[in-house]
Amino acid sequence: MIGKSITTLSVVNDVTLVTLNNIPNKIETIANIFTAIAKESVNIDMISQTAPYRDVINISFTLPDDALSTVLNTVGRFKKTIPELRVEVNSNNSKLSVYGEVMRTTPGVAARVFTILAQENIQVKLVTTSEVDISCLIYERDAGKAMEAIKREFKI
């Protein structure tokens, strides 16, 4: 039953989305980028990678707004070895997360969450999932509305 599948709802504000475009599809390159960011003590959260196209990928990830300048400086150093690297930034977001152990065996939870957000006219910028949670990056201004709609629908 979808109504009882979500037990926890949380929101994290002040989240920035960074997308690195035109990265060679080499795991060593990806490892080097995230290692350099980690060495700067920046905690990366949501990570999403596109499927390779012509041996190039794009990677999006989130971080706290206040870590943006550190990450931009760190990633900028990779322009020497990846001249076609393009960085896109989108700040002032919120990460909305729903969690429930029952999600593991309940089809349609993601569909219902996306339908609720669509009905509320809330744009989703990035999604990451596991068997028991769904996290959506949304505009910070929509966080309260999204929380209320999901609480109402899932009776949290």
Side-chain angles (χ1 to χ4, degrees), residues 6 8-100 103-104 106-147 149-150:
I6 294 175
T8 306
L9 171 64
S10 65
V11 169
V12 175
N13 294 317
D14 303 318
V15 178
T16 293
L17 171 65
V18 173
T19 300
L20 306 179
N21 295 301
N22 303 319
I23 299 172
N25 186 25
K26 296 178 181 172
I27 193 63
E28 297 84 9
T29 303
I30 297 166
N32 291 339
I33 290 169
F34 284 107
T35 297
I37 293 170
K39 285 181 179 176
E40 297 295 330
S41 299
V42 175
N43 190 27
I44 298 300
D45 189 13
M46 304 169 77
I47 301 173
S48 178
Q49 175 187 310
T50 61
Y53 179 72
R54 296 185 177 166
D55 214 25
V56 173
I57 58 168
N58 301 330
I59 294 181
S60 296
F61 55 90
T62 62
L63 56 128
D65 283 348
D66 60 7
L68 178 59
S69 62
T70 300
V71 168
L72 289 178
N73 288 332
T74 303
V75 170
R77 294 193 297 259
F78 286 89
K79 291 282 277 177
K80 293 173 190 164
T81 56
I82 312 169
E84 53 282 332
L85 176 67
R86 196 174 82 241
V87 181
E88 296 177 19
V89 174
N90 185 288
S91 296
N92 301 311
N93 301 297
S94 293
K95 180 180 78 165
L96 173 78
S97 298
V98 297
Y99 173 87
M103 288 173 61
R104 188 181 313 272
T106 306
V109 177
R112 190 66 200 134
V113 168
F114 296 147
T115 298
I116 292 165
L117 296 176
Q119 290 169 342
E120 296 293 327
N121 199 28
I122 296 172
Q123 181 183 359
V124 175
K125 300 177 184 185
L126 185 69
V127 176
T128 58
T129 65
S130 76
E131 291 179 321
V132 294
D133 78 350
I134 303 165
S135 294
C136 298
L137 191 70
I138 61 176
Y139 284 109
E140 198 167 292
R141 68 175 181 254
D142 291 331
K145 181 170 58 167
M147 283 189 67
I150 290 173

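We count residues from 1, following the sequence as given.
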For Glu84, is there an ion pair with Arg86 - N to carboxylate O distance below 4.0 angstrom? no
All heavy atoms of Met103 vs all of Ile6, minimum pair found to be SD-CG1, 4.4 Å
Minimum heavy-atom distance between Ile138 and Ala146, given as atom pair plus value: CD1-CB, 3.9 Å
Using a 3.5 Å distance criterion without hydrogens, assess whether the side chain of Lys125 forms a donor-acceptor pair with backbone atoms of Leu17. no
Quick one: pull up CG in Asp45 and OG1 in Thr16 and give me the separation to the nearest 0.5 Å. 12.0 Å
Can you see which heavy atom on Thr128 is nearest to which on Ile47, and at what distance? CG2-O, 3.6 Å
Quick one: does Phe78's side chain get under 4.5 Å of Asn32's, heavy atoms only? yes
What's the separation between atom CD1 in Ile44 and atom CD1 in Ile37, rounded to the nearest 0.5 Å? 4.5 Å
Separation between CD1 (Ile82) and CZ (Arg77), nearest 0.5 Å, reads 13.0 Å
Does Ile30 form a side chain to side chain contact (heavy atoms under 4.5 Å, CB included) with Gln49? I'd like the steps, not just the answer. CA-CA 10 Å; Ile30 297 166; Gln49 175 187 310; 3.8 Å; yes
Nearest heavy-atom neighbours spanning Ile134 and Ala110: CD1-CA, 3.6 Å
Quick check: do Thr62 and Asn93 have side-chain heavy atoms less than 4.5 Å from each other? no
Test your reading of the model: is there a side-chain donor-acceptor pair from Asn58 to the backbone of Ile23, 3.5 Å cut-off? no
Examine distances only and state if a side-chain atom of Thr8 and a backbone atom of Tyr99 form a donor-acceptor pair shorter than 3.5 Å. no
When rounded to the nearest 0.5 angstrom, what distance separates CE in Met147 from CD in Glu120? 13.5 Å
Donor-acceptor pair, Glu140 side chain versus Asp14 backbone, under 3.5 Å? yes
Identify the heavy atoms of Ile116 and Ala149 that sit nearest to each other, and give their distance. CG2-CB, 3.5 Å
Nearest 0.5 angstrom please: Arg141 CZ to Ile122 CD1, how far? 10.0 Å
Side chain to side chain, Val15 and Met46, heavy atoms closer than 4.5 Å: no
Roughly how far, to the nearest 0.5 Å, is the OG atom of Ser135 from the CG atom of Leu96? 8.0 Å
Do Leu20 and Phe61 pass the side chain to side chain contact (heavy atoms under 4.5 Å, CB included) test, and can you show the C-alpha distance, the side-chain angles, and the key distance before you say yes or no? CA-CA 9 Å; Leu20 306 179; Phe61 55 90; 3.8 Å; yes
Does any part of the side chain of Asp133, heavy atoms only, come nearer than 4.5 Å to the side chain of Ser97, both counted from C-beta? no
Please identify which of these residues, Val11, Asp142, Leu137, meets the side chain to side chain contact (heavy atoms under 4.5 Å, CB included) condition with Ser94. Val11
Indicate yes or no: at least one non-hydrogen side-chain atom of Leu68 is less than 4.5 angstrom from one of Val18. yes
Note, Thr19 side chain near Asn90 side chain (heavy atom, < 4.5 Å): no
Nearest atoms (heavy-atom pairs only) where Val127 meets Cys136: CG2-SG, 4.3 Å
Inspect the surroundings of NZ in Lys79 and state if more than 12 heavy atoms from other residues, nucleotides or ligands are less than 6.0 Å away. yes
